[in-house]
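A note on names: the letters A, B, ... follow the listed sequences, proteins ahead of strands, and every chain is numbered from 1.
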Amino acid sequence: MSFNKLAKQLLPTHFFSNLSTISTKTLIQMNNVWASYDAKNYSLKEITLSIERGTNYAIVGQSGSGKSTLLKLINGMMIPSKGQIKVDYQTPNINNKEFKRAMSKIGYIPQSLGLVKNITVLENVLIGSLPRIGKLNSLLKKFPESEIQEAEKIIKLVGLGGKSERKTYMLSGGEKRRVAIARALMQKPILLLADEIVSELDQVTAREIMDLVADAQQRLNLTAVMVHHDMHLALEYANRVAVIKEGQKILEIGIEGDKIIDFQSGNMSQQEIMELYNSNEP
Amino acid sequence: MNPKNNLIIALVIAGIIAMSYNIDANPAEFVKGIPNLAIVLKEMTEVEPNLFGTAFWSMLETIEMAFIGTVVGVTIALPLSMLAARNLNSKFVYVPLRGILAAARTFPSILWAILFVIMVGLGTFAGVLAIIMYTVGFIAKLQYESIEAVDSDPVEAVNSIGVSKWQLIRHVIIPESAPHLLSQILYMFDYNVRQTSILGLVGAGGIGFYIINYIKFFEYGKAAVFMLVVLITVLIIDFVSVKIRDKYIVKAQKGMEVKI
Ligand SMILES: Nc1ncnc2c1ncn2[C@@H]1O[C@H](COP(=O)(O)OP(=O)(O)OP(=O)(O)O)[C@@H](O)[C@H]1O
Ligand SMILES: [Mg+2]
């Protein structure tokens, strides 16, 4: 979508809507969430958003705006200092036994990817199945044949066929991202959280990987929340885009095909929206 | 060079002179002793080749002791290192355990050997126990340090999948700290062979028993045979560990440098 088209749609329909109603379609709900790493500064402020099942939700913002923090809140690695979060009716918290079980269905790909370097691609992907593997077998590194076949299938799907016995440290940046995606898919997730997994890649590879995720998302009917640096990529692939700036959500738009169907902005002027969009021109 | 550095150097030199005086280290004695050394060296050249067989077998016994001590010690050290790692356990587990491990390391093997000779009597068994003791203290420390140094990114990522602690250890911690382990074991074995070679001094078996006895009776030529065998063995072990290290570890460490 070009900027002109976007601007035309934005300008006449400038309104703010309240999102506090929860429907059964909602997978993730945040109400007035604040988060901080230290007592003094809030990395996220007054975040209210709601993500429906099946959505491809993009979060865009500059470095340090709080995008990674938002993802950590959704998968319970971090607890909000204020406000309420529900993910599939549960409150995310890694220290909660019940939510820990739910985490096995959340495929989280951190900004650093978090791959184990000294093991093979296959072994990394199999880690995604660990919550399903019995105690003894997982200590012996004995995976059922069905899981190994599933892992090989996913490895092929992400375009790493023939490389499953390769040590992970030998892979290129793009290949490592594919392994991280494969590990997440191996979890049989209902929710995929991906933190800037294509930011450092060239345009062609970035699109290949985005296509891969979009494809997996449609086939598995999963919800994806993806953090992006590049507004263009977000508009191209997502159904909804939220823009955060200095910890606050300043804009949220819903997209259908080439059309903006829904637009909410807290306190952002047209001028600011234009500047923001232009600043993301490649 | 600035005046401050000069002052520090002057102080260090003054300190060494004062300390040498205090511990009775007189360079003049060293010079006076050189002729004695010449006598010993000359007698050592009169090696008795018929002793090489005995030397070989006692060296083999020494290596066996070091090998058993290293393997058993490492086996005990590994689970302990996981309990002593700060990033895997609570204070109440790792603080006391680290204390015990530090105690095991404080005494060199030869002091442990004296203790075990009193406990189980003279012989190789006491020596093996001493080697085990020191190996446990040493390897456990090196290992809990490399466990603590494991990159936190994969740990966090895999934790977020909702795995158990033991799954995390098996599938992330061990593979990420293992490349160091192999090199540590090789180093330990190398070190243990040298340590075991002198345990005979306190009657805890190994080739050192012959060396100390022949020296006691001024039979330097005989002692020389055994010392030569130790020297050659240590050189061979050194050579072999370098080969193993090159083959398996350098590769892995190249991988370690790759930042994802
Ligand atoms: N572990 C941490 N400890 C303290 N402060 C942190 C920590 N992680 C992030 N922050 C702070 O929180 C704010 C938001 O960080 P966050 O990582 O969410 O930003 P981001 O939008 O993901 O940035 P980037 O695009 O650079 O990844 C920043 O000001 C950052 O300095
Ligand atoms: Mg980030």
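Near-neighbour residues of residues 157-167 of chain A relative to chain B, defined by a heavy atom under 4.5 Å from a heavy atom of that chain, are none.
What you find for A/K117 and B/D151 is that their closest heavy atoms are NZ-OD2, 3.3 Å. The heavy-atom pair separating A/K100 from B/V163 by the smallest distance is NZ-O, 3.2 Å. Across B/V158 and A/R183, no two heavy atoms sit closer than the pair CG2-NH1, 4.0 Å. Nearest heavy atoms, B/H171 versus A/L130: NE2-CD2, 3.6 Å. When all heavy atoms of A/S138 and B/R170 are compared, the closest pair comes out as O-CG, 3.6 Å.
Within 6.0 Å of atom OH in B/Y191, more than 12 heavy atoms from other residues, nucleotides or ligands are found, so the atom counts as buried in its surroundings. Residue B/M82 qualifies as enclosed at atom CE: its count of foreign heavy atoms under 6.0 Å is above 12. Within a 6.0 Å sphere centred on NZ of A/K141, heavy atoms belonging to other residues, nucleotides or ligands number more than 12. Counting heavy atoms of neighbouring residues, nucleotides and ligands inside a 6.0 Å radius, atom CZ of B/R86 does not exceed 12 of them.
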Checklist entry - Which is it for B/S160 and A/M103 under the side chain to side chain contact (heavy atoms under 4.5 Å, CB included) test, yes or no, and what are the steps along the way? => result CA-CA 6 Å; B/S160 85; A/M103 287 174 97; 4.0 Å; yes
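Atom CD1 of B/I174 and atom CG of A/N118 lie 13.0 Å apart (nearest 0.5 Å).
Residues B/I161 and A/I127 form a side-chain contact, since some pair of their non-hydrogen atoms from C-beta on lies under 4.5 Å apart.
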Please tabulate, one pair per line, all N/O donor-acceptor pairs under 3.5 Å involving side-chain atoms of residues 119-137 of chain B, not counting sequence neighbours.
residue, atom, partner, partner atom, Å
B/T135, OG1, B/I131, O, 2.7
B/T135, OG1, B/N192, ND2, 3.0

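Contact of A/I94 with chain B is made through the side chain alone, with heavy-atom distances under 4.5 Å. Proximity to chain B is limited to the side chain of A/I119, based on heavy atoms less than 4.5 angstrom apart.
Per-residue counts of heavy-atom pairs under 4.5 Å with chain A were compared for B/A157, B/P154, B/G162; the largest is that of B/P154.
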